[in-house]
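Please read the structure below before turning to the comments.
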Amino acid sequence: MSVPADFRRVLESHDPDWAAGTNPGLYLLYGDHLKNCLRVYTVAAFRQIADDIQKMPQGSPGRRIASRLILGQSVRLEVDKDGRTVMPSDQRAKLGLAEGELRFTGAGDHFEIWENQTFADTITAEVEAFLATQGDDFDPLSLLQG
């Protein structure tokens, strides 16, 4: 898959091991809890998540589940000089991808990868249903106020 240039710059700037002329890394999270998409984290963000999990009480059910759902269902990949990375076949199968276009969506501390039609069927419908309940003067920034 080809990672959009804007996302590549973020991956580079948040990979402590990256230097000009090398390939930035990323972490692809594919856990079953994600349902229809994959999440991509920068190296720095994923390391913070891993550190937070390690700080949880050893042997606790929460730590065990977080380790299995996040650490155990993620893979580190590199973006090549042309901005591409190879998504493992298990993750392609999770999205139902044999061929076709992907949708990359920014989501704050990560970005998501969707199969185009699944995104349209799921997220577009969800957003349209929400907007239908709002007034004509709805401003999405009002959501930030709680």
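Computed from heavy atoms alone, side chains included, the values below leave out hydrogens, waters and symmetry copies.
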Quiz: residues 127-136 side-chain donor-acceptor pairs under 3.5 angstrom, not counting sequence neighbours:
from   : atom 1 : to     : atom 2 : distance (Å)
Thr133 : OG1    : Phe130 : O      : 2.6

Check: Are Phe111 and Met1 co-members of a hydrophobic cluster defined by side-chain heavy atoms under 4.5 Å apart?
Finding: yes
Check: What pairs with Trp114 under ring pair (Phe, Tyr, Trp, His ring centres under 6.0 Å), at least two apart in sequence or on another chain?
Finding: Phe119
Next item on the list: Hey, could you give me the CG/CD distance between Leu29 and Gln73, rounded to the nearest 0.5 Å?
Entry: 7.5 Å
Item checked: Distance-minimising heavy-atom pair for Gly59 and Arg64 -> O-NH1, 3.3 Å
Next item on the list: Might you point out which heavy atoms bring Thr22 and Ala19 nearest each other, and give the distance in Å?
Entry: OG1-O, 2.5 Å
Notebook entry, point to check: Checking side chain to side chain contact (heavy atoms under 4.5 Å, CB included) against Pro24, which of Leu77, Val10, Leu11, Val3 comes through?
Noted result: Leu11
Checklist line | Student check: side-chain heavy atoms of Ile113 and Tyr30 closer than 4.5 Å | finding: no
Note to self: According to salt bridge (charged side-chain N to carboxylate O under 4.0 Å, His left out), who are the partners of Asp80, at least two apart in sequence or on a separate chain?
What the structure shows: Arg84
Note to self: So, using side-chain contact (heavy atoms from CB on, under 4.5 Å) as the criterion, who are the partners of Arg63 when residues are at least two apart?
What the structure shows: Ile53, Gln54, Met56, Gln58, Ser60, Ser67
Note to self: Applying side chain to side chain donor-acceptor pair (under 3.5 Å) as the test, list every pair that has at least one member in residues 3-13; sequence neighbours left out.
What the structure shows: Arg9-Glu12
Next item on the list: Drop me the distance from Leu69's CG to Leu34's CG, to the nearest 0.5 angstrom.
Entry: 9.0 Å
Next item on the list: For the residue pair Met87 and Leu102, establish whether any side-chain heavy-atom pair is separated by less than 4.5 Å.
Entry: yes
Margin query: Is there a path of hydrophobic side-chain contacts, each under 4.5 Å between heavy atoms, that joins Ile123 and Leu143?
Written below: yes
Checklist line | Euclidean distance, Ser2 OG relative to Phe104 CZ, rounded to 0.5 Å | finding: 7.0 Å
Show me, pair by pair, the donor-acceptor contacts under 3.5 angstrom made by side chains of residues 36-51, not counting sequence neighbours?
from  : atom 1 : to    : atom 2 : distance (Å)
Arg39 : NH1    : Tyr41 : OH     : 3.4
Thr42 : OG1    : Ala45 : N      : 3.0
Arg47 : NH2    : Asp17 : OD2    : 3.0
Gln48 : NE2    : Asp52 : OD1    : 2.8

Next item on the list: Supply the atom-to-atom distance Arg76 CZ to Asp15 CG, rounded to the nearest 0.5 angstrom.
Entry: 5.5 Å
